[in-house]
A.B. asks: 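Okay, handing you the structure first.
Computed from a predicted structure; not experimentally measured.
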2 protein chains.
Amino acid sequence: MTDAKPKGEDQGAVNSTDLIAALSNGEGLVSSLERKLAAVILSDVNFATAASITEIAAKAGVSPPTVTRFCRRLGCASFSDFKVQLAKSAYVGLRYLHPETITSTPAEVAEDIVTKAQNALFELHRGLDMASLSRAAELLAGSSMIYAFGAGGNSSLIANELQNRLFRLGCRITASTDHAFNLMLSAAAEPGAVVIGSSLSGRNTEIVRCFDLLREREIPTIALTRAGSEVAAAADIVIAIDLPEGKNIFRPTSTRYAFLAAVDILANLVAYADREKSRRLLRSIKEQLVRHRDGDDRQLLGD
Amino acid sequence: MTDAKPKGEDQGAVNSTDLIAALSNGEGLVSSLERKLAAVILSDVNFATAASITEIAAKAGVSPPTVTRFCRRLGCASFSDFKVQLAKSAYVGLRYLHPETITSTPAEVAEDIVTKAQNALFELHRGLDMASLSRAAELLAGSSMIYAFGAGGNSSLIANELQNRLFRLGCRITASTDHAFNLMLSAAAEPGAVVIGSSLSGRNTEIVRCFDLLREREIPTIALTRAGSEVAAAADIVIAIDLPEGKNIFRPTSTRYAFLAAVDILANLVAYADREKSRRLLRSIKEQLVRHRDGDDRQLLGD
DNA sequence: GCCTTCCGTGAAAATAAATTTCTGCATTCT
DNA sequence: AGAATGCAGAAATTTATTTTCACGGAAGGC
């Protein structure tokens, strides 16, 4: 048996998406030839990952050594390391390059949507503040009643989803997507209650009003929203979901995946916050799986 | 200027995830040394993408030529091509390798959920049947009324989402998550109507009942569900969403992302199916963006 | 205004890596 | 049991990448 530990050096200096990002905004690329190289590589990333150094050099009209230096400057250990880094980031980052391509064929539409959704998830993960997520989960797990607010097609989906996920964990929760009703609930909420509100834009003034009222009444609030937004300012705990606005690729449509994932994570953390609840959760999942496999269930739980 | 066309050969024979998949289930790997190599590579994919052929050979206790043959057998053009392919699939596929890792720390939970969601999206994309999606979109675009059915936390989300997405495109649509009501709607639906139903499990017998009734009544039906399932059999057009069941990593939780993406794609195709509708859609998106940037909107459309 | 210095670049050499060829060995079929 | 098939490794070849060195241009100082 060979259990000899390998060197295992962490060669890649640049984070995977940073490579594509660095390439597109020309980070640290001073010379014109290097910019040319960046352009050539970005113009066809797939070619770049497959080609040899001489092929790339020829395409950019430079010499191989220039390509090597270029790779080093970008923080890669070598040309092959660069190719690997590029390949790593290509899948996630490709859409950054042509963000406003008008998609027409069904296949393009599908690829576009899937890639944007994946990018949104990726960005969410990068920007997540685990501390506030944990605090939010603790708060929710210890609450006696949860109100989930959200309005409009997207945030109402999130509010409903919060209910869908948390009631299974034994939380007392109701989702409300009605502004007037939200206000009444906020006015009537008793100590021990927690209010969690979602706003993709961070500008839902009705939720802000509710949060203001709740702060006065010392009912803790959690916001799933943009950092620094009005909704964020009004909440006690902010689960910030900031997808870079500069790139237009994050429409509400794809942002939703990020919000949904945030809810998933939150729900999981709530489950783990309480050992007993966690055990119950795992048991129910197991049961669900067993039932599923037996095939004699008429209806899968929570289809 | 050098505008010499490069060879641009499409070297990678294997699709990116297939590589990780092929590696894990040992596709076509007959010899024991090759299995050993696969195990070594899977045990530390990051090492494998960074290491040289001799390092990998040493770690697996084989000779470099064996590694080369191994790469070829997996459909790669060369060892470096293999590394690139591996790097491409690593980000998406890593979680396949430790599917049942018990996640405990918040960071692990987050990574787990995000990665599973991304995998689900990836698998969805791989398995999508564009033809049936297009037909479904055409059908929906040409309908006079749409009913969206779904039950349980997840499929009801999808049904509501269909309504949320399609009403914006000028479709007449209502979502219903009430079994009894679904039956009544099915019995009352008039020619020109289309019914679209979602079932993650494919075993929603109530939807099957509705679809049977609708088939008798010659009202076309679309199913978002597992291929080959009862629901699929009962529908006229099936948008099959098959996430590999063998790996337990696709719980309903992550499957939902795939369904959601399918709805997104469908909605986009519906929009493109009708030039006029498409124009309207784009205008409204534009308006939304402009409003968003102006910052004087009180409430973002569809927050 | 000219000279010096620094930086970027490419040619060529050197090095490192990967692949091919060939031989030996094990397994299996006749 | 003997032959044939196919896989694995050693060595050599080939390929690719990197380093070194020398040149040229640009910027700054005298």
A.B. asks: Supply the atom-to-atom distance B:Ile56 CD1 to B:Phe82 CZ, rounded to the nearest 0.5 angstrom.
C.D. replies: 6.5 Å
A.B. asks: Taking atom P of D:dG6 as reference, at what distance in whole Å does atom CZ of B:Arg73 sit?
C.D. replies: 11 Å
A.B. asks: Just to verify, what does A:Ser229 make a side-chain contact (heavy atoms from CB on, under 4.5 Å) with, not counting sequence neighbours?
C.D. replies: A:Thr225, A:Arg226, A:Val231, A:Ala232
A.B. asks: In whole Å, what is the span from the CZ atom of B:Phe70 to the C1' atom of D:dC7?
C.D. replies: 15 Å
A.B. asks: Nearest-Å distance, NZ (B:Lys36) to C1' (D:dG9)?
C.D. replies: 14 Å
A.B. asks: Could you list the residues that satisfy side-chain contact (heavy atoms from CB on, under 4.5 Å) with B:Ala262, not counting sequence neighbours?
C.D. replies: B:Leu124, B:Leu224, B:Ile241
A.B. asks: Starting from C1' on C:dA18, measure out to CG on B:Asp81 and report it in whole angstrom.
C.D. replies: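 Roughly 14 Å, once rounded to whole Å.
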A.B. asks: Taking all non-hydrogen atoms of both residues, which atom of A:Leu121 and which atom of B:Val114 are closest, and how far apart?
C.D. replies: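 In terms of heavy atoms, the two residues are closest at O-CG1, 3.7 Å.
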A.B. asks: In whole angstrom, give the distance that lies between atom CD of A:Glu55 and atom C1' of D:dT15.
C.D. replies: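 Distance, rounded to whole Å: 12 Å.
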A.B. asks: When you measure from the side-chain N and O atoms of A:Thr66 to the phosphate of C:dG10, is any distance below 4.0 Å, counting only OP1 and OP2?
C.D. replies: yes
A.B. asks: Could you walk me through whether A:Cys71 and A:Thr68 pass the side-chain contact (heavy atoms from CB on, under 4.5 Å) check?
C.D. replies: CA-CA 5 Å; A:Cys71 298; A:Thr68 297; 5.8 Å; no
A.B. asks: Check whether B:Lys83 reaches the backbone of B:Ala51 with its side chain - one donor and one acceptor, N or O, closer than 3.5 Å.
C.D. replies: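 Between the backbone of B:Ala51 and the side chain of B:Lys83 there is a qualifying donor-acceptor contact (under 3.5 Å).
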A.B. asks: Rounded to whole Å, how long is the line connecting atom CZ of B:Arg35 with atom P of D:dC7?
C.D. replies: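 Computing the B:Arg35:CZ to D:dC7:P distance gives 14 Å.
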A.B. asks: Sugar-phosphate atoms are those with a prime plus P, OP1 and OP2; base atoms are the rest. Using that split, label each nucleotide of nucleotides 17-26 of chain D B, S or - for protein heavy atoms under 4.0 Å, 5' to 3'.
C.D. replies: SBB-------
